[in-house]
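First the structure, in the form of structure tokens, and then the observations on it.
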Amino acid sequence: MPELPEVEVLRRSLEPRLIGRRIERVEVRSPALREPLDRRTLRRRLEGRAIVGLRRRSKYLLIDVEGDSTLVVHLGMSGRLTVAPSGAPVEAHEHLAIDLAGGERLRLRDPRRFGVAFAAATAGLLERDPHFVRLGREPLSPPLTGSELAALAGGGRGPVKTFLMDAGRLVGVGNIYATESLFRAGIHPARSVARIGAGRWERLAGAVVGVLEQAIREGGTTLNDFADGTGQPGYFQVSLAVYGRDGEPCPRCGGRIRRLLQSGRSTFYCPACQR
DNA sequence: CGTAGACCCTGCGCGC
DNA sequence: TGCGCGCAGGGTCTAC
């Protein structure tokens with residue numbers, strides 16, 4: 001489900017509903033996520049404390065509470081984090097339920113269980129926690145430039161699409177937005193990063209920033225199940241030029257969009273427009 | 001060393 | 001209608 005735009009849309013939708021709210025109770029309904037939920041630490045760090053801020057790093061959402069604690073959530077492929085009335089029926093694959101003072105409940109559902117949720121000290125979290133220490137550059141803050149992108153790829157030889165999705169270099173760009181960025185930049189996804197010149201790097205950096213910003217404005221991409229914290233779907237999927245459009249006409253030249261596999265992930269591209 | 005593939009897990013849509 | 005197959009937005013680990 002989520003790449004950077006979806007997590008950012010989720011963050012913005014939750015922020016006004018969560019800031020200042022006190023966490024009354026944390027309930028681990030099913031601890032089986034990619035990393036097992038730690039009931040004791042979650043309760044110890046969160047219960048009784050008010051939420052003071054929501055941040056995003058890469059595809060992680062960070063919910064800061066008073067007293068130097070942070071709830072970290074990664075939605076994996078199928079995670080959803082929503083606010084519901086506390087009396088709402090429990091849904092399938094609900095792993096975590098957090099009751100807020102005032103009668104609402106923050107719920108984490110994740111059918112495929114690729115997600116992660118844990119609580120830790122706020123201080124030094126991004127600098128020291130193993131989930132964060134190896135993460136690369138945020139593409140939007142400040143907006144990525146071509147020369148920075150070229151430097152991040154320095155020394156590599158692999159395909160440019162794989163590079164864009166390497167979170168150790170650049171974070172937040174997953175399969176959809178890597179695919180769309182390369183279409184906008186007119187670059188073939190299999191082109192080696194060693195064979196990209198300054199002009200192309202500049203176009204690609206602009207495309208990455210433009211695609212991510214537009215997707216945030218349009219509420220993210222809802223292919224199956226993405227929703228923000230209030231359950232609202234996004235609508236960037238109608239703006240997708242090539243992703244998921246194998247066999248359809250290219251919106252720019254009318255040629256046939258093709259699909260190929262790279263590192264086990266589907267890539268869609270126009271053979272005429274992307275070189 | 002960097003890179004490619006397998007793997008984790010459930011659900012859905014498609015073709016038969 | 002039912003079933004099997006392929007595929008799905010993530011990340012990590014292992015084997016070259």
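Quick note on labels: first sequence line is chain A, next is B, and so on, each numbered from 1.
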### Task
Write down the distance between CG (A:Leu75) and C1' (C:dG10), rounded to a whole number of angstrom.
10 Å
### Residues A:Arg11 and A:Glu8 bridged, charged N to O under 4.0 Å
yes
### Message
If I compare all heavy atoms of A:Leu75 with all of A:Pro2, which pair ends up nearest, and what's the gap?
### Response
CB-CG, 3.5 Å
### Task
Could you check how far CG of A:Leu4 sits from P of C:dG9, rounded to whole Å?
17 Å
## Note on the structure
A:Asp246 CG to B:dC14 P, in whole Å, measures 14 Å
### Message
Measure NE2/A:His95 against C1'/B:dC9 and give the value in whole Å, please.
### Response
10 Å
### Whole-Å distance separating the NE2 atom of A:His93 from the C1' atom of B:dC12
12 Å
### Task
Using only side-chain N and O atoms of A:Lys59, determine if any of them is under 4.0 Å from OP1 or OP2 of C:dG11.
yes
### Query
Quick one: is C:dG10 close enough that its OP1 or OP2 comes under 4.0 Å of any side-chain N or O from A:Arg265?
yes
### Query
Within the structure, does a side-chain N or O atom of A:Tyr243 lie under 4.0 Å from either OP1 or OP2 of C:dG9?
yes
### Message
For A:Tyr243 together with A:Phe236, are the ring centres under 6.0 Å from each other?
### Response
no
#### Entry: A:Asn175, nearest nucleotide to its side chain (from C:dG9, C:dG11, C:dA8)
C:dG9
### Task
Could you check A:Arg34 against A:Ala92 and say which one's nearest nucleotide on DNA chain B is further toward the 5' end?
A:Arg34
### Task
Give the minimum heavy-atom separation between A:Arg29 and A:Ala97, together with the two atoms involved.
NE-CB, 3.9 Å
### Query
C:dG11 P sits how many Å from A:Met77 CE, rounded?
9 Å
### Task
May I ask you to decide whether A:Glu6 forms a salt bridge with A:Arg56, counting only side-chain N to carboxylate O separations under 4.0 Å?
no
### Query
At their closest point, which heavy atom of A:Gly234 faces which heavy atom of A:Gln237, and how far apart are they?
O-NE2, 3.0 Å
Are there any protein N/O atoms within less than 3.5 Å of an N/O atom in nucleotides 3-5 of chain B, and if so, which ones and at what distance?
unit_1: B:dT3; atom_1: OP1; unit_2: A:Arg157; atom_2: N; d: 3.1
unit_1: B:dT3; atom_1: OP1; unit_2: A:Gly158; atom_2: N; d: 3.4

With a 3.5 Å cut-off and sequence neighbours excluded, list the donor-acceptor pairs that the side chains of residues 113-121 of chain A form with protein atoms.
none

### Task
Please state the P separation for the pair B:dG5 and C:dC7 - nearest whole angstrom.
15 Å
### Message
Once hydrogens and angles are ignored, does a donor-acceptor distance under 3.5 Å link the base of B:dG11 to the side chain of A:Asn224?
### Response
no
### Task
Go ahead and write out DNA chain C as dot-bracket, 5' to 3': ( ) for pairs within the strand, [ ] for ones crossing earlier pairs, | when the partner sits on another strand, dots for unpaired; Watson-Crick or G-U wobble, both distances under 3.5 Å.
.|||||||.|||||||
### Task
Classify the nucleic acid contact of A:Arg109 as base, sugar-phosphate or nothing, counting any heavy atom under 4.0 Å across all strands shown.
nothing
### Summary
Heavy-atom closest pair (A:Trp201 atom, A:Val193 atom, distance to 0.1 Å) is CZ2-O, 3.7 Å
### Query
In terms of side-chain heavy atoms, does A:Gln232 have a donor or acceptor partner in A:Ser13 at a distance below 3.5 Å?
no
### Message
As a test of reading the structure: which of C:dG9, C:dG10, B:dT10 is closest to the side chain of A:His74, going by heavy atoms?
### Response
C:dG10
### Summary
Within residues 111-122 of chain A, those residues having any heavy atom closer than 4.0 Å to DNA chain C are A:Arg112, A:Phe114
### Summary
Between CZ of A:Phe226 and P of C:dG10 the distance, given in whole Å, is 13 Å
### Task
Please list, chain by chain and in numerical order, all residues satisfying side chain to side chain contact (heavy atoms under 4.5 Å, CB included) with A:Pro31, sequence neighbours excluded.
A:Val28, A:Leu37
### Passing candidate, salt bridge (Lys or Arg N to Asp or Glu O under 4.0 Å) with A:Glu138, options A:Lys59, A:Arg55, A:Arg57
A:Arg57
#### Entry: Atom pair distance, as rounded to whole Å: CG in A:Asp110 and P in B:dT10
11 Å
### Task
Report the residues that fulfil side chain to side chain contact (heavy atoms under 4.5 Å, CB included) with A:Lys161, sequence neighbours left out, ordered by chain and then residue number.
A:Met165, A:Asn175, A:Ala178, A:Thr179, A:Leu182, A:Pro189, A:Gln262, A:Arg265, A:Thr267
